[in-house]
Each structure stands twice: as C-alpha cells, then as structure tokens.
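Worksheet for the structure shown next.
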There are 2 protein chains.
Amino acid sequence: MTLQPRNGRAPSVKDVAAAAGVSLGTVSNVLNRPAVVSATTRERVERAMAELGFVRNESARQLRAGTSRALAYVMLDGGNPFFHDVAEGIETAAEDADLSLFVCNSSGRSEREVKHIDRLVQQRVQGILITPVDPDAPHLRDISQRGIPFVMVDRFSRDGGHCSVAVDDVLGGRIAVEHLIDRGHRRVAFVGGPDSIGQVRERLQGARAIWAEFGMPEEDLIHLPTEALTVAEGRSAGERLAGLPTRRRPTAAFCANDLLALGLLQHAVTAGLRVPDDLAIVGFDDIDFAAAAAVPLTSVRQPRQELGRTAARLVLDEATNPDHTHEQATFVPALVARASTGTVRR
Amino acid sequence: MTLQPRNGRAPSVKDVAAAAGVSLGTVSNVLNRPAVVSATTRERVERAMAELGFVRNESARQLRAGTSRALAYVMLDGGNPFFHDVAEGIETAAEDADLSLFVCNSSGRSEREVKHIDRLVQQRVQGILITPVDPDAPHLRDISQRGIPFVMVDRFSRDGGHCSVAVDDVLGGRIAVEHLIDRGHRRVAFVGGPDSIGQVRERLQGARAIWAEFGMPEEDLIHLPTEALTVAEGRSAGERLAGLPTRRRPTAAFCANDLLALGLLQHAVTAGLRVPDDLAIVGFDDIDFAAAAAVPLTSVRQPRQELGRTAARLVLDEATNPDHTHEQATFVPALVARASTGTVRR
DNA sequence: GCGGGCGTTTGAAATGTTTCAAGAGTCGTG
DNA sequence: CACGACTCTTGAAACATTTCAAACGCCCGC
C-alpha cells in the first residue's frame with residue numbers, strides 16, 4: 001500500500017469511486033455487502049481503496065445509522081484493579097457483538113461522572129454501564145428517560161427502573177465472618193466505611209447477622225469505620241486496632257475490600273504482628289494483588305469478569321430486544337481461603 | 001426539564017429551531033457563538049432545548065468538523081497500575097484542552113493493538129498515544145504516514161519519525177544497583193525478561209555498567225530471566241533464586257518492574273526469608289502497590305502522571321502547531337528507598 | 001427622506017456514509 | 001425475436017451539524 005501524498009483531506013468513498021471508475025453506491029456495497037458486487041468490480045474497488053489508503057469515516061457512518069457502534073463503561077475508581085477486571089469482562093462481550101468499548105473513570109467524583117455521561121450521550125453510544133458514585137443521583141435517572149440502555153454495575157437499583165448486576169453483599173459478609181468463626185476467632189473487627197456506600201452497609205449487615213446466629217456477643221464484633229476503601233485507610237484502621245486494650249483487641253479483621261485489607265496487612269507486618277497468628281485478615285473482591293500479597297490474602301471472591309460480561313449482555317438486550325424487561329442479576333460470592341486466615345486457632 | 005415522550009428520534013437542532021420559532025443557523029449560533037445572538041432569542045432557544053431535552057449529535061458535528069474532539073491512549077497492560085497512572089496524566093491534559101480520552105488496552109497482544117488502532121483511525125481521533133507491543137511494528141509507521149499525530153509512551157522511537165516520552169532506563173538501572181552496592185551488597189540478581197523488551201535490556205545494561213564501574217566481578221551480577229513482567233514470574237524467579245547454591249546466592253535482587261518485585265517478595269516471605277536482611281529487593285516504576293506491600297518496596301520511580309501529561313502535550317502540539325518538530329522527551333528516574341532495602345549490610 | 005452602518009438572523013451548502021428504488025445489461029426460454 | 005428473470009450498478013435522498021455570505025430591520029446622521 002502506497003499512501004497517496006496527503007493533500008489535506010482523507011480520501012472518501014467518492015474518491016475511491018472515482019479512482020475505480022464506479023459509483024458511490026458500489027463502493028459502499030463493497031464495504032457492506034461484498035456478496036452483491038461482481039468479483040472483478042470488487043477487486044478493482046479494493047485496489048483503489050488500498051492505493052488511496054481509504055479508511056471509513058466512522059462519524060459519517062454513525063450519523064447515517066443514528067447510533068454509534070460502541071458501549072461505554074464509567075468506572076468508579078480506576079486505581080482499584082477490581083474495576084479494571086470488570087471492564088475486561090465487558091470488553092469481551094462488546095467484542096463479541098462487534099462493538100467498541102469506551103472506558104471512562106469518574107475517580108469517585110460526581111462532577112466527572114456527569115461530564116463523562118454528557119459526552120457519551122452526545123456520542124450516541126448504544127448503551128451505558130456504570131458503577132456510580134451515588135446510585136440515586138438524578139442524572140442517572142435521566143439516562144434511562146432518554147431511552148438509552150443503561151445498566152448499573154456492582155450496585156443495585158433501588159427501584160427497578162433499570163438493570164443491575166452485583167454480588168450478594170450480605171451473603172459475602174456472612175461467609176467471610178463465618179469463615180473466621182470457623183477458624184476459632186471470637187473477637188472480630190469489621191473494617192470499612194463510609195456508611196454512605198451501600199455495599200459497606202450490606203457486608204457489615206451480613207457479618208452481624210451470622211455473628212448473631214452463632215450466638216456471639218454483639219460487642220465482640222467491632223466496627224472500625226474508614227473514610228474510604230483505600231490502602232491508606234486500611235493502615236490507619238490498623239493503628240486504631242493496635243490502640244485497643246488487649247482484652248478488647250480482635251484476633252481477626254474482615255475488611256470491606258482488598259485495598260483496606262492490604263493496608264491493614266502492611267500495618268500489621270510493620271508492627272511486628274504475625275498474620276494470621278496474631279491477626280487474621282479477610283478481604284473482599286479477590287483482586288489479583290490479594291493473592292500476590294506477602295501473606296496471601298483470604299478474600300471473598302466476586303466474579304469480576306462475569307459481572308462485566310453479564311452487564312454487557314443486559315445492556316445489549318435492552319438495546320436490541322424490543323420486549324426487554326429490567327433484571328437485577330445477583331451473583332453469589334465465594335470465599336477463597338489463603339494464608340492470611342491459615343490456621344485454626346487453638 | 002420535562003423530557004418529551006420519545007417518539008423514536010432524538011430531537012435535532014431543526015426541532016429546536018421549530019420549537020423556538022427561529023432558524024437552524026440561530027440555534028447553532030446559540031450553541032457555538034452565544035455572544036452574537038440577542039439575549040431574548042438566546043433565552044427562547046435555550047428554553048426550547050431544555051424542553052425538548054436536546055443533546056448535540058457529536059457524529060454530525062465531527063463529520064462537519066472533519067475531526068473528532070478526542071485523543072486516544074492504547075495501553076500495553078491494563079492489569080499493571082503503572083499504565084493506569086499514565087492514562088490519568090494524559091486525561092488531565094486532555095481535559096485542559098477540552099478533549100475526551102479513549103482508553104484502550106492491547107493486553108500485550110499485537111492483534112488487539114491493531115484492531116484498536118483501526119477503530120481509532122476510523123473515528124478520526126485527533127491523536128494517538130500508545131505504549132506498543134513492539135515499537136518497530138509496521139502498523140505504527142502507518143499512523144504517522146496517515147498524518148495522524150502520534151506519540152510513543154514509555155518507549156523510544158528508534159528513528160525519530162515521531163515523538164516519544166520515556167524515562168532514562170539505563171540510568172534507572174544504574175541508580176537501582178548503585179543503591180544496592182551502597183547498602184553493602186556484593187552479589188546481586190537482575191530479575192527480568194524477555195529480552196525483546198527494550199526497557200528490560202536497558203535497565204540491565206545500566207545495572208551492568210555501574211556494577212563494572214565499581215569494579216565488581218561480572219559473574220556476581222546474576223541475570224534471572226523471566227518470560228513476562230508479572231507477579232507470577234516474580235515468584236518463579238524467587239524459586240530459581242532459592243535453588244542457587246549458597247555461595248552463589250545473591251543477597252539482593254533488582255527487578256525490572258514492581259510486579260516482578262512483588263512476586264519475588266511474596267516468594268521470599270513464604271520461604272521464610274527475611275526482607276531485607278536475607279534478601280533485599282528493588283523494583284521499578286514505583287506503583288502504589290509497591291509502597292503498599294507488607295514490606296514496602298524500594299523502587300525506581302517513574303513520573304507516571306507527568307509522562308502522560310507530557311505525551312498529551314506533544315500530541316496536541318503535533319495536532320495544532322504547523323511547525324511542530326518531533327521530540328524525544330526523557331525523564332530522569334529517582335530512587336525511592338523503603339524497607340525492602342532498609343539496612344546497610346554488615 | 002435617504003444612504004450607511006450595525007447588530008441580528010437567515011438559508012443554503014457542505015461534510016461522508018448508507019440505503020433503496022430504479023435502471024442497465026445479459027442470458028435463456030418460449 | 002420478444003419477454004421475463006436475474007445480476008449488477010447507479011443516483012438521489014437522508015442523517016445533524018456548522019459555516020458563511022447575504023439579507024434584514026433599525027437607527028443615526030446628513
């Protein structure tokens with residue numbers, strides 16, 4: 001392929017048609033319905049395209065079609081590998097449907113989220129997947145009202161006005177704490193916050209439920225609140241934990257996500273505590289870095305890629321199936337036991 | 001804003017014009033040159049837009065303009081937080097220029113890279129930033145030949161045919177190993193591979209250079225090759241390291257990136273080695289998880305966000321400045337000493 | 001009362017693609 | 001030889017926006 005000298009403008013179908021001595025429509029047919037055009041013509045057109053270095057103009061195509069060939073995912077925190085894995089799941093599904101995926105990152109900031117959404121609506125994307133800063137924000141409502149297929153990822157819809165995909169967080173909290181009780185722990189910390197995050201509330205709720213079911217005293221499940229779900233907050237929780245009087249100090253901690261757990265682990269190791277002997281730790285999400293930690297972390301696994309794939313499936317169904325009905329897909333989390341809760345306590 | 005019942009089509013400027021009783025051109029003026037239209041008309045048009053829930057159709061806009069209002073970054077490995085940080089830097093610069101950023105991920109697979117690039121060219125993005133699988137791949141050459149602004153990120157251009165942004169990897173290798181020599185280590189492993197990755201070669205080259213300058217015997221800098229720059233490969237390198245006869249066993253390891261270092265750290269801890277006393281570890285990149293490790297990792301810091309910002313600046317210069325000249329921006333890496341190389345050896 | 005200038009609005013053209021009804025050409029059959 | 005059937009190609013319309021020259025209305029000054 002010898003690219004023509006750029007005389008300023010990219011070659012269009014018109015140029016190709018002229019070069020091949022055929023009409024506009026024929027070039028378009030070569031592009032979209034190669035079967036209907038004769039072999040010789042097709043070949044001639046294809047040669048012309050190669051010589052000119054023709055590339056379809058996607059804007060024009062979209063304009064005509066009325067919609068773009070793309071989905072979008074607005075993730076909550078690009079720094080958390082969890083969301084990257086979800087995005088990867090979405091992308092595989094998008095690829096199967098021959099769509100591109102635009103990945104945006106709100107970084108937990110509502111105004112960025114709004115900005116991204118505005119852009120995506122302007123682009124006329126086929127559907128929007130989002131893990132929102134606030135699941136009840138009014139600008140989310142607008143998306144559905146516009147008729148744009150819309151799925152909430154890793155959050156639940158309060159009102160069923162759209163699809164959502166998430167894991168049963170209450171159950172996740174239960175199995176994490178049940179595992180710790182199994183291992184012989186009788187005083188456990190729940191590390192997580194802020195309360196405004198629904199999942200934190202639900203994981204704690206599950207933890208409390210199972211704790212009560214085992215007949216353990218309420219005050220022995222200690223809530224250490226955090227301001228965010230970050231490594232730094234995990235460290236700070238570790239300090240507070242170490243500051244507790246010995247008889248009140250938990251022998252295990254259940255963290256609302258793996259970043260917190262990694263931070264807590266770091267603090268524990270630095271402080272000379274042995275994990276799991278002095279302090280057992282359970283995380284949530286089972287990101288790759290959990291398994292990769294110096295003391296591999298026990299974690300409540302979310303099917304991250306599958307979450308993404310399902311979300312993409314739902315949004316595509318909404319986009320193409322006229323009698324689509326909204327669906328709240330719930331996945332079952334699973335405990336992955338590793339060294340950080342390794343031994344049964346004496 | 002009361003959204004009109006969706007009669008199938010999104011409202012266009014034409015609809016707005018009709019609703020406001022003005023012409024097409026006026027609506028466009030309200031959108032693009034609000035100053036030239038009278039206050040009363042503007043208000044009327046704006047009300048109409050709000051009532052109809054009008055949203056600009058970006059495709060049509062792009063078609064007219066001939067180019068999209070977006071940049072793109074094709075990253076090499078979405079699973080490595082390093083690239084996420086670079087992307088964030090790019091995004092801030094893009095935002096300042098009021099452009100969107102499309103983030104794509106080749107996952108180290110050449111065919112995905114090609115696919116992404118094809119799509120981006122079709123979208124007529126203003127410029128492409130890329131950390132390529134292979135910096136010499138012919139499809140990269142085509143991008144520039146098409147006249148699309150193009151910058152290589154974290155890789156160097158061999159021939160100066162385009163801009164690039166990277167860190168001085170040879171220097172990075174030097175300062176890592178100098179640090180270890182300083183700390184009293186006399187037998188050091190270099191963990192990294194495959195050799196096809198230029199940066200691995202250069203980091204090793206720097207390591208060897210400083211090693212020779214200090215007059216250390218060549219055979220005491222031991223190359224432990226890996227198949228990829230991943231945590232798993234780091235672990236496997238750890239096993240091989242442990243398998244060496246005691247007198248040949250290094251007291252420190254310099255890893256070609258932080259993922260390897262984390263894997264190596266994990267293996268060491270599992271094997272009961274004390275870090276840094278039995279084995280000191282230096283990583284490269286200084287991703288957040290390096291600082292968050294149970295034994296915080298010493299690492300060679302790359303200015304990740306700045307790398308991204310600069311790359312975006314360069315691509316924008318190429319896009320807008322008629323007498324742009326290609327530039328190879330080089331950043332100076334810096335050692336961040338942490339606990340994993342903590343003590344001076346007796 | 002008329003021309004000039006100013007601020008505002010208009011209408012048409014242009015962007016690149018796809019679609020689709022209609023046309024052209026060819027071949028075989030009655 | 002005429003007609004229908006079939007294959008292939010054509011040309012025009014449509015998509016939603018922006019731009020820009022031209023028109024419009026109005027006031028001012030002469």
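In what follows, chains are A, B, ... by sequence order, proteins preceding strands, each numbered from 1. Because the structure is a prediction, the values reported are computed rather than measured.
Atom pair A/N57:CG and C/dT18:P shows a separation of 10 Å (rounding to whole Å applied). Atom CG in B/L63 sits about 12 Å away from atom P in C/dT18, given to the nearest Å. At whole-Å resolution of the value, CD in A/Q62 and C1' in C/dG16 are 12 Å apart. A/E58 places its CD atom 12 Å from the C1' atom of C/dG16, with the value rounded to the nearest Å. Rounded to a whole Å, the CE atom of B/M49 is 17 Å from the P atom of D/dA16. C/dT15 atom P lies 18 Å from atom CZ of A/R64, rounded to whole Å. The CZ-P distance, from A/R33 to D/dT10, rounds to 14 Å in whole Å. Distance A/R69 CZ to C/dT18 C1': 13 Å, rounded to the nearest Å.
Using a 4.0 Å cut-off, no side-chain N or O of A/S59 falls inside it from OP1 or OP2 of C/dT17.
Between A/Q199 and A/D154, the closest heavy-atom pair is NE2-O, 2.9 Å.
The distance from atom NZ of A/K115 to atom CZ of A/R119, rounded to the nearest 0.5 Å, is 6.0 Å. Atom CG of residue B/L99 and atom OG of residue B/S68 lie 8.0 Å apart, to the nearest 0.5 angstrom. The CG atom of A/L140 sits 11.5 Å away from atom CZ of A/R155, with the distance rounded to the nearest 0.5 Å.
A/G25 comes within contact range of at least one nucleobase, with a heavy-atom separation under 4.0 Å. Looking at heavy-atom distances under 4.0 Å, A/V22 makes contact with sugar-phosphate atoms alone, never a base. Contacts of A/N32 with the nucleic acid, taken as non-hydrogen atoms under 4.0 Å apart, involve only primed sugar atoms and P, OP1 or OP2. Across all strands, A/T26 comes closer than 4.0 Å to base atoms (heavy-atom distances). Within 4.0 Å of B/S12, counting heavy atoms only, lie sugar-phosphate atoms of the nucleic acid but no base atom. Residue contacts for B/T41: at a heavy-atom cut-off of 4.0 Å it reaches the sugar-phosphate backbone alone, with no base atom in range.
Judged by distance alone, the side chain of B/N32 and the main-chain N or O of B/S28 form a donor-acceptor pair under 3.5 Å.
Distance from the side chain of A/V37 is smallest for D/dT9 among the nucleotides C/dG16, D/dT18, D/dT9. Comparing D/dC15, D/dT18, D/dT17 by their nearest atom to the side chain of B/L31 picks out D/dT18. Listed nucleotides C/dG16, C/dT9, D/dT18 differ in distance to B/R61; the shortest reach to its side chain belongs to D/dT18. Of all nucleotides listed (C/dT9, C/dT17, C/dG16), C/dT17 comes nearest to the side chain of A/L24. Side-chain proximity of B/S28 to D/dT19, D/dA16, C/dG11: nearest is D/dT19.
Taking the nucleotide of DNA chain C with the nearest heavy atom to each of B/R124 and B/S23, the more 5' of the two is matched to B/S23. Taking for each of B/V36 and A/R56 the nucleotide of DNA chain C with the nearest heavy atom, the 5'-most of the two is the partner of B/V36.
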Does the pair B/R112 and B/S107 meet the rule for a side-chain hydrogen bond (donor to acceptor under 3.5 Å, both in side chains), with working shown? CA-CA 8 Å; B/R112 282 191 65 178; B/S107 304; 3.2 Å; yes
